[in-house]
Amino acid sequence: MAKDKPTKLKARLPRGLADRGPAELAGTRAMLDTIRRVYELYGFEALETPFIEYTDALGKFLPDQDRPNEGVFSFQDDDDQWLSLRYDLTAPLARHVAENFQDIAKPFRSYRQGWVFRNEKPGPGRFRQFMQFDADTVGAPTVAADAEICMMAADTLEALGIARGDYVIKVNNRKVLDGVLEAIGLGGDDNAGRRLTVLRAIDKFDKVGIEGVRDLLGEGRWENPAAKSGDFTKGAGLDEYEIDTVISFVTLQSGDVTPLEDITGLAAGARANGHEVNNYGSGQFVESNKGVVNHLRAMFGNYATSAEGIEELAEIADLAEAAGYSRDRIRIDPSVVRGLEYYTGPVFEAELTFEVKDEKGRPVRFGSVGGGGRYDGLVGRFRGEAVPATGFSIGVSRLAAALSALGKLKAATEYGPVVVVVMDRDQTGHYMGLVKTLREAGIRAEMYLGNPKNLGNQFKYADRRNSPCVVIQGSDERAAGTVQIKDLIEGAKAAAAITDNAEWRESRPAQFECSEAELVEKVKEVLGHHGVPYGAARG
RNA sequence: GCAGCUGUAGCUCAGUUGGUUAGAGCGCCGGUCUGUGGAACCGGAGGUCGGUGGUUCGAGCCCACCCAGCUGUACCA
């Protein structure tokens, strides 16, 4: 009989998804605790919604398609209704608020954290399942709510260990953009398509540079402009004058032009307080949000829609400044576009400003690690009236990926349990008794459950589990009422010099004997010596 | 979706102008060592060479198509 090899099933993980080990879980848990602490400090309260929503609650275009799997994972219920895995936490929040509108005290301030899913092509820092941590204020029309969200975003990133200057919260306002677009004749519903193209072009500013944006606003752009090869992106088809207008808006802060605030009268005082003040000709100037806002006023203040947005930005800048958040943390930046569909006013984006490199030394683009904005229309979709709302979302998974790529995510060695080795199979009950004693003292412990015939294997196991120590009791010890405790951490150090195997075995480094009654006390000494937490000290 | 690159052991990769039975390092398992982790030495398991078809006396290598992965780009409500 020919032996047919059973066809092995290939074990493989779908792309864009990831298993998480103990170290990563511990790191994520610490991040979540930190974020939660900041959010709660600001007065937000917890809320959780399910992973699954009706598809039409998430977006407006889906239900009429055959397979609404563009971007979202969807499937049909028994009753043929389309369900989807949530792709963010904002739409479910809007549904929750609308559904429980009467019972919710407004302004409603809530936070929530959880997995979201996107059916898109994954990449570095882009996953198909990732975690977000949101905070939203629903029912507050004031821009103070927006300003507060920005400040909280800054506080959160710093609480996570990102130094001031290594991140920035960029702020813009959709109304300013809308006004500019109206001014160049792209207002109205029939220009929605071109408007979108313009917004996307602006969004790519830091990726393709000023010339790239110029091409995208005009005829279009090749993936490799020099060789005119690769993918071609069709442009918005604007003329020279229109392009110049848009470019002047975008570069206002982000690129070549940095508007400066004239502080001639204030410079002396600023210097006295230790601020750096640049000299430009006769007047004295400093980079500031107020400078950007003044510049916007001068250039676009005569467009009604823009003016409204500019004044909102001015107020956010003032509020932030008054609270001590200056341009190094919260920055008015007209190139920020974001969330093209549902944002109605201020939009925010959290960016890391330091460069992260991959293992080959090439710079990695992680994109924004958080974002948000005002979405006055989202809750209103479920009701007849507009409900003002603003919120912010941290991309926990992406931020964790960025931090660990940078080596900033503390990869503290996770110690395993104390292992009680099995020397005599017929004493299993007694060994488990030792384990129980340790557990009752709050010490992680387990008896070796593998094949106990070779004692060496049990040590190898304990070594791999990163156990701080093992407990040994053979017939000699049992007769004497004692146990051997072997400190594996200390032993590894002590044995580093030994090269001869026989000597290695004989020396039994870092091993000592104690009475069974002293077991807990002595193990605690070993754990304490190495800083291994136990009992209440464990997280 | 579009473009480029890459598919050989669990991982990283060799593999001559096409030539018997496809290799190495690491890892894994076992032994030296059934009362002691590491090192060392010895041994072992593990491959439809991504798939299908073609050219050839002969294909891991050449050709066509397909599939998968990576990178970029587009899309991302």
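Sequence lines set the chain letters: A, B, ... in the order given, protein chains first and strands last, and positions in each chain run from 1. No hydrogens, no waters, no symmetry mates; every other heavy atom, side chains included, goes into these values. Quick caveat: nothing in here was measured; it's all calculated off a predicted structure.
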Check the distance between [N]'s [atom2] and [X]'s [atom1] and give it to me in whole angstrom.
X      : N     : atom1 : atom2 : answer
A:R398 : B:C76 : CZ    : P     : 15 Å
A:Y343 : B:A77 : OH    : P     : 9 Å
A:Y342 : B:C76 : OH    : P     : 14 Å
A:Y375 : B:A77 : OH    : C1'   : 15 Å
A:R174 : B:A77 : CZ    : P     : 11 Å
A:R381 : B:A77 : CZ    : P     : 13 Å

Salt bridge or not for [X] and [Y], using N-O below 4.0 Å?
X      : Y      : answer
A:D463 : A:R465 : no
A:D136 : A:R112 : yes
A:D178 : A:R195 : no

**Prompt:** Which of these nucleotides, B:G69, B:U73, B:C76, is closest to any side-chain atom of A:R15?
**Reply:**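 Looking only at heavy atoms from C-beta outward on A:R15, the closest nucleotide is B:G69.
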**Request:** Tell me which nucleotide among B:C76, B:A77, B:A74 gets nearest to the side chain of A:E120.
**Result:** B:C76
For nucleotides [N] and [M], find the distance between their [atom1] atoms and express it as a whole number of Å.
N     : M     : atom1 : value
B:C42 : B:G47 : C1'   : 25 Å
B:U12 : B:U52 : P     : 23 Å
B:U48 : B:A9  : P     : 9 Å
B:C49 : B:G43 : C1'   : 26 Å
B:C2  : B:A74 : C1'   : 8 Å
B:A45 : B:G30 : C1'   : 10 Å
B:A22 : B:U8  : C1'   : 8 Å
B:C61 : B:G23 : C1'   : 15 Å

**Value rounded to 0.5 Å, distance of OG1 in A:T197 from CG in A:L238** =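 Interatomic distance, A:T197 OG1 to A:L238 CG, rounded to 0.5 Å: 9.0 Å.
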**Request:** Kindly check if the number of other-residue, nucleotide or ligand heavy atoms within 6.0 Å of CD (A:Q76) is above 12?
**Result:**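 Yes, the 6.0 Å shell around CD holds more than 12 heavy atoms from other groups.
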Find every protein N or O atom lying less than 3.5 Å from an N or O atom of nucleotides 35-40 of chain B, and list the pairs.
| unit_1 | atom_1 | unit_2 | atom_2 | d |
| --- | --- | --- | --- | --- |
| B:G35 | N1 | A:E477 | OE1 | 3.0 |
| B:G35 | N1 | A:E477 | OE2 | 3.2 |
| B:G35 | N2 | A:E477 | OE2 | 2.7 |
| B:U36 | OP1 | A:R505 | NH1 | 3.4 |
| B:U36 | O2 | A:K486 | NZ | 3.3 |
| B:U36 | N3 | A:Q511 | OE1 | 2.9 |
| B:U36 | N3 | A:Q511 | NE2 | 3.3 |
| B:U36 | O4 | A:R508 | NH1 | 3.0 |
| B:U36 | O4 | A:Q511 | NE2 | 2.7 |
| B:G37 | OP2 | A:W504 | NE1 | 2.3 |
| B:G37 | N1 | A:L488 | O | 2.6 |
| B:G37 | N2 | A:D463 | OD1 | 2.4 |
| B:G37 | N2 | A:L488 | O | 3.2 |
| B:G37 | N3 | A:D463 | OD1 | 3.2 |
| B:G38 | N7 | A:W504 | NE1 | 3.1 |
| B:G38 | O6 | A:N501 | ND2 | 2.5 |
| B:G38 | N2 | A:I498 | O | 2.4 |
| B:A39 | N6 | A:N501 | ND2 | 2.7 |

**Asked** Can a cation-pi geometry be assigned to A:R383 and A:F101, taking NZ or CZ under 6.0 Å from the six-membered ring centre and within 45° of the ring axis?
**Response**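 The answer is yes; both the distance and angle limits are met.
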**Asked** Distance only, no hydrogens: is a donor on one side chain within 3.5 Å (strictly under) of an acceptor on the other, for A:E182 and A:T305?
**Response** yes
**Asked** When all nucleic acid strands are considered with a 4.0 Å heavy-atom cut-off, which category describes A:K493: base, sugar-phosphate, or nothing?
**Response**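 Since no nucleic acid heavy atom lies under 4.0 Å of A:K493, the category is nothing.
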Going by purine N1 to pyrimidine N3 plus the second Watson-Crick contact, or the G-U wobble pair, all under 3.5 Å, which nucleotide sits opposite [N]?
N     : answer
B:C61 : none
B:C29 : B:G43
B:A77 : none
B:U16 : none
B:C5  : B:G69

**Request:** Could you label the plane-to-plane angle of the A:F73 and A:F117 rings as parallel, tilted or perpendicular, counting under 30° as parallel and over 60° as perpendicular?
**Result:** perpendicular
**Asked** What is the ring orientation for A:Y111 with A:F133, classed by angle as parallel under 30°, tilted 30 to 60°, or perpendicular over 60°?
**Response** tilted
**Centroid under 5.5 Å and tilt under 30°, A:Y87 to B:A77** = yes
**Request:** Return no unless some side-chain N or O of A:R126 is found under 4.0 Å from OP1 or OP2 of B:C76.
**Result:** no
**Side chain A:K207 and base B:U73 donor-acceptor under 3.5 Å** = no
**Message:** I'd like to know if A:R118 reaches the base of B:C75 with its side chain, counting only an N/O donor and acceptor under 3.5 Å.
**Reply:** no
